[in-house]
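Structure first, then comments.
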Amino acid sequence: MLNLCVVGAQWGDEGKGKIVDLLTPAFDVAVRYQGGHNAGHTVQIGSSKFVLHLLPSAVLHEGKTCVIGNGVVVDPRALLREIDELRALGITVGSNLHVSASAHVIMPYHSEWEAGSEESRGDRRIGTTCRGIGPCYEDKIGRRGIRVGDLLDPDVFRRLLAENVAEKSRILPALYGREARTIEQYAEEIEACIERIAPYVANVTVLLAKKLREGAAILFEGAQGALLDIDHGTYPFVTSSNSVAGGAATGAGVPPHAVHRVLGVTKAYCTRVGQGPFPTAMGGEMEEAIRERGCEYGASTGRPRRCGWLDLPALRYAAMLNGFHSLALMKLDILSSLDEIKVCTAYKYRDSVLTDFPAETWKLEECEPLYETWKGWNKPIAGCTRFDDLPLEARVFVTRLEDSLLLPCGIISTGSDRDATIVRKGKGLDEWHLPMAAISR
Ligand code: IMO
Ligand code: MG
């Protein structure tokens with residue numbers, strides 16, 4: 001079977017949750033490979049809305065093996081909270097969930113450290129979700145982190161905790177004027193979770209190798225987006241992990257050639273939450289209208305998202321980095337009432353025109369978007385399920401996008417509900433046999 005990696009092509013919030021939910025029936029195993037509970041993957045099923053943060057969205061489907069890979073950072077309290085919330089909604093999370101013993105643990109001092117660090121940056125703050133994601137990865141790279149498997153041995157956990165608290169209790173007051181709490185206070189919070197987490201802890205590398213041998217189909221579920229990637233995004237205004245498809249191999253512990261196909265998820269416009277350059281920001285009434293129509297508020301933090309026009313240099317860059325085989329175009333219905341739609345095709349940088357997304361963030365900060373104006377369709381398309389039923393201008397919009405990215409657009413979303421989706425044949429997704437009848441529950 002072919003494995004697929006689903007990746008955000010912009011700055012996160014592209015609609016990966018809906019896409020993963022649609023695709024899950026065709027897969028046996030779903031794996032989160034990076035990030036943590038900074039993600040907010042919204043899945044709308046009928047009148048119920050589920051927001052997944054740390055668990056793969058596939059957990060909403062009975063009988064799928066769900067994996068949290070070594071590349072994820074796990075806050076044990078957030079994990080248990082999410083499991084409990086799902087259980088209250090009647091969704092079973094049990095022996096189908098496996099959490100990598102090698103994933104790093106987000107400790108309470110990570111968010112305390114992050115709050116101090118963000119505050120001290122002032123205007124140049126990152127605008128993080130303040131969930132301890134960055135500091136946890138800092139400890140991982142600094143080789144002092146605590147891993148999920150370390151929670152299983154009380155002595156090992158206490159030793160690592162003592163080393164970390166000794167360090168944090170010097171750093172926090174010195175750098176940020178904050179007091180660290182005592183070892184006992186931190187230990188209590190985490191130790192209260194261990195008994196419930198222990199049954200999920202697994203050697204995920206071995207588990208996935210076995211699944212691969214058995215011919216299981218694996219879905220790698222990316223969080224955030226290509227432009228928030230720690231190496232390839234708009235550094236430093238990025239998250240602290242490799243959100244691009246390349247991260248799936250290292251973050252799940254599978255060989256690179258186990259990631260057979262990559263699906264990029266993009267909105268028909270752009271959004272960004274948190275700080276950092278955003279060349280195609282709409283501003284003014286248009287931005288407010290799109291924000292309201294698209295419900296563009298953070299699923300994790302509730303912050304209003306900045307809204308902008310579709311940015312082709314950024315999208316081409318994401319396609320290049322991830323090697324998209326196909327594209328899922330989300331929220332096309334949100335552009336419905338416009339007579340004209342602007343699309344950025346290049347940037348003006350000082351006296352030159354750039355068609356490539358610049359590698360330097362300071363350069364991007366100076367870039368001005370050069371727009372083409374594409375004709376809008378100005379007709380409702382919400383809920384449309386057939387490409388041929390879209391108004392001509394909407395079909396032309398999709399085709400022009402495919403032509404400029406040299407990519408097929410396999411999925412078009414016309415609403416938040418599972419059924420408000422167009423799945424197109426011959427557009428890179430046929431291998432998984434995804435007729436609408438199979439994906440609608
Ligand atoms: P999903 O998976 C949108 C942003 C934050 C901030 C930056 C760093 O729902 O698409 P972090 O807390 O990760 O250190 O914050 O990254 N960010 C997201 N933006 N969607 C997300 O996830 C995000 N996860 C992090 O707003 O700018
Ligand atoms: Mg989000």
Side-chain angles (χ1 to χ4, degrees), residues 1-9 14-34 41 56-71 96 98 204-223 226 242-266 318-330 402 405-413 418 421-441:
M1 278 302 276
L2 287 179
N3 305 322
L4 179 70
C5 184
V6 174
V7 196
E14 299 90 351
K16 298 176 292 293
K18 169 171 170 168
I19 291 302
V20 167
D21 179 60
L22 281 172
L23 296 172
T24 298
F27 293 86
D28 308 300
V29 182
V31 188
R32 271 283 307 269
Y33 59 85
Q34 45 72 233
H41 297 171
S57 306
V59 76
L60 301 178
H61 296 249
E62 202 76 41
K64 301 294 170 186
T65 300
C66 293
V67 174
I68 294 182
N70 58 278
N96 57 326
H98 307 278
V204 160
T205 311
V206 171
L207 184 143
L208 290 178
K210 183 164 178 282
K211 293 284 179 191
L212 286 168
R213 269 198 312 277
E214 291 168 356
I218 303 178
L219 182 65
F220 298 95
E221 180 179 342
N242 283 117
S243 45
V244 295
T250 52
V254 298
H257 55 74
V259 185
H260 301 127
R261 297 282 188 275
V262 184
L263 174 67
V265 187
T266 176
M320 185 163 68
L321 274 170
N322 291 284
F324 296 147
H325 293 89
S326 185
L327 207 61
L329 179 63
M330 311 304 290
E402 288 180 307
L405 298 172
L406 300 175
L407 267 181
C409 179
I411 298 180
I412 299 164
S413 174
R418 222 179 235 181
T421 312
I422 299 169
V423 180
R424 299 169 75 204
K425 285 223 157 41
K427 296 283 182 182
L429 294 172
D430 294 351
E431 280 132 337
W432 294 280
H433 309 295
L434 296 168
M436 276 310 288
I439 52 184
S440 316
R441 264 191 185 161

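Excluded from the calculations below are hydrogen atoms, water molecules and symmetry mates; all remaining heavy atoms, backbone and side chain alike, are included. For clarity, every value in this text was computed on a predicted model and none was experimentally measured.
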Quick one: pull up [atom1] in [X] and [atom2] in [Y] and give me the separation to the nearest 0.5 Å.
| X | Y | atom1 | atom2 | result |
| --- | --- | --- | --- | --- |
| Glu431 | His260 | CD | NE2 | 10.0 Å |
| Glu402 | Leu327 | CD | CG | 8.5 Å |
| Met330 | Thr421 | CE | OG1 | 7.0 Å |
| Asn70 | Gln34 | CG | CD | 11.5 Å |
| Ile218 | Cys5 | CD1 | SG | 11.5 Å |
| Lys211 | Thr65 | NZ | OG1 | 4.0 Å |

Could you check whether any side-chain heavy atom of Thr250 comes within less than 4.5 Å of a side-chain heavy atom of Asn242, counting everything from C-beta outward?
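Not in contact.
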
So Trp432 and Leu23, do their side chains get closer than 4.5 Å, heavy atoms only?
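The answer is no; the side chains never approach within 4.5 Å.
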
Any side-chain to backbone donor/acceptor pair from [X] onto [Y]? Under 3.5 Å, distance only.
| X | Y | result |
| --- | --- | --- |
| Ser326 | Gly410 | yes |
| Asn96 | Cys66 | no |
| Lys64 | Phe27 | yes |
| Arg418 | Asp21 | no |
| Asn3 | Val259 | no |

Kindly give the heavy-atom pair with the smallest separation between [X] and [Y], and that separation in Å.
| X | Y | value |
| --- | --- | --- |
| Ala26 | Ala217 | O-CB, 4.0 Å |
| Val31 | Ala252 | CG1-CB, 3.9 Å |
| Thr205 | Gly253 | CG2-O, 3.4 Å |
| Asn322 | Ala245 | OD1-N, 2.7 Å |
| Ala9 | Ala318 | O-CB, 3.3 Å |
| Val265 | Gly15 | CG1-C, 4.1 Å |

Should Ile411 and Ile422 be marked as a side-chain contact (heavy atoms from CB on, under 4.5 Å) after you check the CA-CA gap, both sets of side-chain angles, and the distance that decides it?
CA-CA 6 Å; Ile411 298 180; Ile422 299 169; over 6 Å; no

For Asp430 and Lys425, what are the C-alpha separation, side-chain angles and deciding distance, and is it a side-chain contact (heavy atoms from CB on, under 4.5 Å)?
CA-CA 6 Å; Asp430 294 351; Lys425 285 223 157 41; 4.3 Å; yes

Could you tell me whether the side chains of Ser413 and Lys18 share a donor-acceptor contact shorter than 3.5 Å?
yes

Given Val20, which partner from the list Leu4, Leu219, Leu60 fulfils the side chain to side chain contact (heavy atoms under 4.5 Å, CB included) test?
Leu219

For Val262 and His325, what are the C-alpha separation, side-chain angles and deciding distance, and is it a side-chain contact (heavy atoms from CB on, under 4.5 Å)?
CA-CA 6 Å; Val262 184; His325 293 89; 4.2 Å; yes

Verdict with reasoning, Val7 to Phe324, per side-chain contact (heavy atoms from CB on, under 4.5 Å)
CA-CA 9 Å; Val7 196; Phe324 296 147; 4.3 Å; yes

